[in-house]
Amino acid sequence: PHRHGLVADQLFGGLAGVVVVRGDLDEIPEIKAAKEEFLVLQDFALDSEGKMIDSDAHMSLMSGREGDLITVNGEPNPSFSIPANGLLRWRIVNASPSRFYNLSLENHPFYLIATDGNALAEPVETNELLLTPGQRVEVLIKGDKEPGQYRLLNLPYNRGGMGMMGGGGMMGGRGMMGGRGMMNRNNNDTSAVLATLNYDSAVETIALPTKLLSVPALPEPQQVRRFTFNHGMRPSVGMAFLINGKSYERDRIDTQVKLNTVEDWEIVNTGTMDHPFHLHVNHFQVISRNGKPEPYRAWRDTVLVRRGETVRIRIPFRDYAGKTVYHCHILDHEDLGMMGNLMINA
């Protein structure tokens, strides 16, 4: 759902799902032979009777609400199995409004094959995957270890928080009011078990694909724009989250671009929290972070901009004219104003 002002409430209540669009990636023989599983990651806040806790009662809207109950496909710690051919394809979506998932599978690397619904040029091996709200990834897992049970872990990650004064004194990431339920739970020192991977006997592992789909380089941009993320006070509203010093207004056009052009956008985070930037309709490529090139080329529609970081993305405005939006994908921040209207002119 995307009803401004209610997005975080609705998603925190569980209103999310998966849409699958099949394409050329699915026809690659090794991927076609892999066992496919979907993992929808969500968190919830429940009281002692199992009822949803009102969002205003215990959650820090400033930091972005997080619940104590984490589920995968609606279950705590479900089990998955390695198939006989030893190759598993996990298609994972972060459907939480605020929580970051820093994923690791015991004794198994991930082989990343797609980001935000788009294939890479070749698999990328990694031991950890940081998944911010709204992001999707696809990975292959090889069942080439000793038979047994292996845990999918959510490792600690500090995404920052609202300090009492908003600046350097962050006080461990507590919300501005402090107290239980107001803490940024990603700031703890423990790992959480999300799911369990089982295989009872040795399997015959098929080879990983060496090539996936082409990810072409984009031409140089025709224009460069700069967007600054921060927070501040807004008259009659109170705390607001801002892009270029402005809080969202439905009828204001913040950015206008031309169809069939390429632009670079520099996203600058001057606040005290990490912000995942999300652009509707148009995928982009991340060019650099603080001037350092990205290690591999990929299509994305959501990118993490850490506090103090400048991320440069390159966007081809290709297929669609009309009005759409860009916003922070910590959905409380979006509801509190960190969104802008984009007009794509034909």
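Around the CZ atom of R252, the shell of radius 6.0 Å holds more than 12 heavy atoms that belong to other residues, nucleotides or ligands. Enclosure of atom CG in D24 is not indicated, since only 12 or fewer non-hydrogen atoms of other residues, nucleotides or ligands lie within 6.0 angstrom. Sparse packing is recorded around NZ of K258, with 12 or fewer heavy atoms of other residues, nucleotides or ligands lying under 6.0 Å away. Annotation for F38: atom CZ counts as buried by contact number, over 12 foreign heavy atoms lying within 6.0 Å. At most 12 non-hydrogen atoms from other residues, nucleotides or ligands lie less than 6.0 angstrom from CG of D200.
Note on V137: it clusters hydrophobically with V72, by side-chain heavy-atom contacts below 4.5 Å among ILVMFWY residues. Under a hydrophobic-cluster definition in which Ile, Leu, Val, Met, Phe, Trp and Tyr are linked whenever side-chain heavy atoms come within less than 4.5 Å, directly or via other members, W299 and V93 are assigned to different clusters. Residue L218 is not grouped with residue L279 when hydrophobic side chains (ILVMFWY) are merged at heavy-atom distances under 4.5 angstrom, including chains of intermediate members. A single hydrophobic cluster is seen to contain both I28 and W90, as judged by linkage of ILVMFWY side chains at heavy-atom distances under 4.5 Å, directly or through other members. Both L120 and L129 are assigned to one and the same hydrophobic cluster, defined by single-linkage of ILVMFWY side chains at heavy-atom distances under 4.5 Å.
Salt-bridge annotation for E37 and K35: present, with a side-chain N of the basic residue lying under 4.0 Å from a carboxylate O of the acidic one. A salt bridge does not link D9 to R3: none of the charged nitrogens lies less than 4.0 Å from a carboxylate oxygen. Salt-bridge annotation for R22 and D26: present, with a side-chain N of the basic residue lying under 4.0 Å from a carboxylate O of the acidic one. Using a cutoff of 4.0 Å between basic side-chain nitrogens and carboxylate oxygens, E294 and R289 are scored as salt-bridged. Contact check on R225 versus E266 returns no salt bridge, with no Lys/Arg side-chain nitrogen under 4.0 Å from an Asp/Glu carboxylate oxygen. A salt bridge links E66 and R159; the closest N-O separation between the charged side-chain nitrogens and carboxylate oxygens is under 4.0 Å.
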**Q.** Evaluation steps, side chain to side chain donor-acceptor pair (under 3.5 Å), between N154 and S191
**A.** CA-CA 5 Å; N154 184 27; S191 298; over 6 Å; no
Q: Walk me through it: do F277 and H329 pass the test ring-ring contact (aromatic ring centres under 6.0 Å, His included)?
A: CA-CA 6 Å; F277 172 81; H329 221 297; over 10 Å; no
Q | Derivation of the side-chain contact (heavy atoms from CB on, under 4.5 Å) call for Q256 and I253 | A | CA-CA 7 Å; Q256 295 196 57; I253 300 299; 3.6 Å; yes
Q) Going through the checks in order, is the side-chain contact (heavy atoms from CB on, under 4.5 Å) test met by V139 and I113? A) CA-CA 6 Å; V139 297; I113 60 171; 5.9 Å; no
Q) Does the pair L41 and I92 meet the rule for a side-chain contact (heavy atoms from CB on, under 4.5 Å), with working shown? A) CA-CA 7 Å; L41 309 180; I92 310 172; 3.8 Å; yes
**Q.** Verdict with supporting geometry, Y101 and T132, side chain to side chain donor-acceptor pair (under 3.5 Å)
**A.** CA-CA 6 Å; Y101 294 94; T132 68; over 6 Å; no
Q: Report the C-alpha distance between N290 and E309 in whole Å, list the side-chain angles of each, state the deciding distance to 0.1 Å, and finish with yes or no for side chain to side chain donor-acceptor pair (under 3.5 Å).
A: CA-CA 6 Å; N290 288 339; E309 190 173 53; 4.6 Å; no
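Nearest heavy atom pair, residue A114 against residue L25, reads CB-CD2, 4.2 Å. Contact between F100 and L130 at its shortest, heavy atoms only, is CB-CD1, 4.2 Å. Across all non-hydrogen atoms, the minimal contact from P316 to N282 is O-OD1, 3.8 Å. S81 and L197 get closest at one heavy-atom pair: C-CD1, 4.0 Å. Contact between T115 and A298 at its shortest, heavy atoms only, is OG1-CB, 3.7 Å. Shortest non-hydrogen contact noted between A34 and L140 is CB-CD2, 4.3 Å.
In this structure, CG on N345 lies 9.5 Å from OG1 on T261, to the nearest 0.5 angstrom. To the nearest 0.5 Å, atoms CD (E138) and CG (L112) are separated by 9.0 Å. We find the CG-CE distance between N230 and M273 to be 9.5 Å, quoted to the nearest 0.5 Å. Once rounded to the nearest 0.5 Å, the distance linking SG of C328 with CG of N269 reads 8.5 Å. Note that CZ of R226 is 13.0 Å distant from CG of D264, once rounded to the nearest 0.5 Å.
With a 4.5 Å cut-off on side-chain heavy atoms, N341 and T255 do not count as touching. Looking at heavy atoms from C-beta onward, I70 lies in side-chain contact with L194 at the 4.5 angstrom threshold. Using a 4.5 Å heavy-atom cutoff, the side chains of P293 and I287 are not in contact. Inter-residue side-chain proximity for K145 and Y199 is flagged as met; some heavy-atom pair is nearer than 4.5 Å. At a threshold of 4.5 Å between non-hydrogen side-chain atoms, the residues L103 and L153 do not count as touching. Taking the side chain as every heavy atom from C-beta outward, N73 and F80 approach each other to under 4.5 Å.
Counting only N and O atoms by type, the side chains of D43 and T71 include no donor and acceptor under 3.5 Å apart. For the residue pair H280/H327, the side-chain donor-acceptor check at 3.5 Å is satisfied. A donor-acceptor pair shorter than 3.5 Å cannot be found between the side chains of N198 and Y150.
Note on ring orientation: taking the six-membered ring where Trp is involved, the planes of F229 and H275 are perpendicular (angle over 60°, cut-offs 30° and 60°).
A side chain to side chain contact (heavy atoms under 4.5 Å, CB included) with V262 holds for exactly one of R314, Q223, E220, R318; it is R314. When each of R297, R312, R300 is checked for a side chain to side chain contact (heavy atoms under 4.5 Å, CB included) with Q285, only R297 meets the rule. Among T302, D301, N118, the one residue that satisfies the side chain to side chain donor-acceptor pair (under 3.5 Å) test with R136 is D301.
At least one donor-acceptor pair under 3.5 Å links the side chain of H108 to the backbone N or O of E106. Under the 3.5 Å distance criterion, the side-chain polar atoms of D335 are matched with a main-chain donor or acceptor of A8. Formation of a donor-acceptor pair under 3.5 Å by the D68 side chain with backbone atoms of A45 is not found in this model.
Taking I206 as the reference, A33, N85, L87 meet the side chain to side chain contact (heavy atoms under 4.5 Å, CB included) condition, with sequence neighbours excluded.
Checked against the 6.0 Å centroid criterion, the rings of F227 and Y326 qualify as a close aromatic pair.
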